[in-house]
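This report refers to the structure that appears directly beneath it.
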Amino acid sequence: MNKRRIGVLTSGGDASGMNAAIRTIVRTAIHYGMEPYGIFRGYHGLVHNEIEPLNSRSVSGIIQRGGTILKSARSEEFMTPEGRKKAVENLKKHGIDALVVIGGDGSFRGGLELQKLGCDVIGVPATIDNDIACTDYSIGFDTAVNTVTDAINKIRDTASSHDRVYVVEVMGRHSGYIALYSGLASGADAILVPEVPFNLDKVCNQIIDANKKGKTHSIIVAAEGVGVDPENNTKIESHSMYIGNYIQQKTGYETRITILGHIQRGGAPTVRDRCLASRLAYHAVELIYQGESGKMIGEVDKVIKSWDLEYALAQKKQFNLEYYHLSNILSSI
Ligand code: F6P
């Protein structure tokens with residue numbers, strides 16, 4: 001009997017720890033007697049037949065590297081029925097009938113489409129945004145949060161030397177998770193996220209009050225998803241600029257804005273991300289070995305579980321309000 005062939009791709013924004021997941025998928029597949037194939041540039045590569053066999057040596061020396069050796073890309077073509085037809089034909093050409101998709105919710109939606117066309121798909125959550133339901137953490141989030149926290153530590157040094165207010169914009173188009181964890185971990189004075197409505201005047205009063213109590217610098221962490229002016233509900237193009245200017249005008253304190261950008265997506269993955277990636281990826285291959293399909297793997301309360309992919313995609317990730325309130329209490333004293 002021919003060995004079962006299993007494909008792996010990374011899709012969407014890259015996240016540190018994706019390489020650790022790829023390494024585990026390849027080696028676990030071999031462990032279970034399957035043949036692993038790498039699909040390069042996500043769904044784009046699937047449509048364009050960028051598919052190659054991988055072996056244990058192809059994934060040597062990558063566990064500590066950020067990014068993804070399989071690369072990632074956006075694919076308009078895969079969004080069309082013709083594009084997906086080509087993708088399935090390419091999988092068939094290589095004899096691949098199972099696929100591990102490493103990525104975020106957009107990538108999982110793509111996986112679901114392939115599932116409907118007869119390919120066994122398992123999703124492994126990887127995005128720095130940590131906005132996927134049915135898992136407490138996604139691969140890459142911990143590394144991003146550590147990078148941001150390290151950057152804020154440095155910003156705090158200069159903020160305190162110059163008695164300034166800093167607005168630090170972090171990633172998270174629709175998610176405040178990076179802002180939340182890095183804000184709590186770096187002792188931010190306010191955390192502005194899309195999940196919780198806020199009032200900029202209140203934030204300004206908080207900064208003024210803190211100043212009266214002897215605190216001469218402040219750090220405000222704002223998620224990039226905070227793109228709506230709460231006063232008139234209009235979209236603000238560069239919201240951290242708007243927030244910074246607003247604070248400076250209202251408080252009279254010198255204010256600077258730092259947009260951390262794509263630095264948050266790179267760098268060596270933390271131990272937490274390497275371990276999470278290895279565990280999630282191992283279980284993904286195990287599911288394929290057991291003949292399962294249409295599932296995503298997640299870690300909930302430190303236990304690895306699998307969920308129906310369609311169900312998981314329909315859930316909304318709960319925001320951690322406990323962290324949010326704790327940060328507010330600590331910054332208001
Ligand atoms: O990976 C998720 C994310 O980092 C978002 O927070 C951000 O808005 C987006 O990717 C930006 O990605 P790109 O610049 O690659 O389009």
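Read the numbers this way: they start at 1 and go in the same order the structure lists the ligands and their atoms.
The closest side-chain donor-acceptor pair between K93 and N90 falls under 3.5 angstrom. Between the side chains of Y181 and Y137, at least one donor N or O lies within less than 3.5 Å of an accepting N or O.
Those atoms of ligand 1 that come under 4.0 Å of a heavy atom in I128, given as number and element, are 4 (O).
In this structure, K295 forms no cation-pi arrangement with Y311, as its terminal cationic atom is not both closer than 6.0 Å to the ring centre and no more than 45° off the ring axis.
Given atom 14 (O) of ligand 1, the protein heavy atom at minimum distance is H262 NE2, 2.7 Å.
Proximity of R74 to ligand 1 is established by a heavy-atom distance of less than 4.0 Å.
More than 12 non-hydrogen atoms from other residues, nucleotides or ligands lie less than 6.0 angstrom from CD of Q290.
Neither the backbone nor the side chain of Q264 comes within 4.0 Å of ligand 1, counting heavy atoms alone.
The shortest side-chain heavy-atom distance between V101 and M296 does not fall under the 4.5 Å cut-off.
Polar contact with ligand 1: present for E224 (N/O pair, distance under 3.5 Å). Distances between N or O atoms of D14 and those of ligand 1 include no value under 3.5 Å. At under 3.5 Å, a nitrogen or oxygen of G172, whether backbone or side chain, sits near a nitrogen or oxygen of ligand 1.
Exactly one residue among D157, T158, D150 makes a side-chain hydrogen bond (donor to acceptor under 3.5 Å, both in side chains) with K154. That residue is D150.
Nearest to atom 6 (O) of ligand 1 by heavy atom, out of T127, N130, D129, is D129. Among R173, M171, R265, the residue whose heavy atom lies closest to atom 10 (O) of ligand 1 is R265.
Counting only distance, with no hydrogens or angles, the side chain of S75 and the backbone of F78 share a donor-acceptor pair below 3.5 Å.
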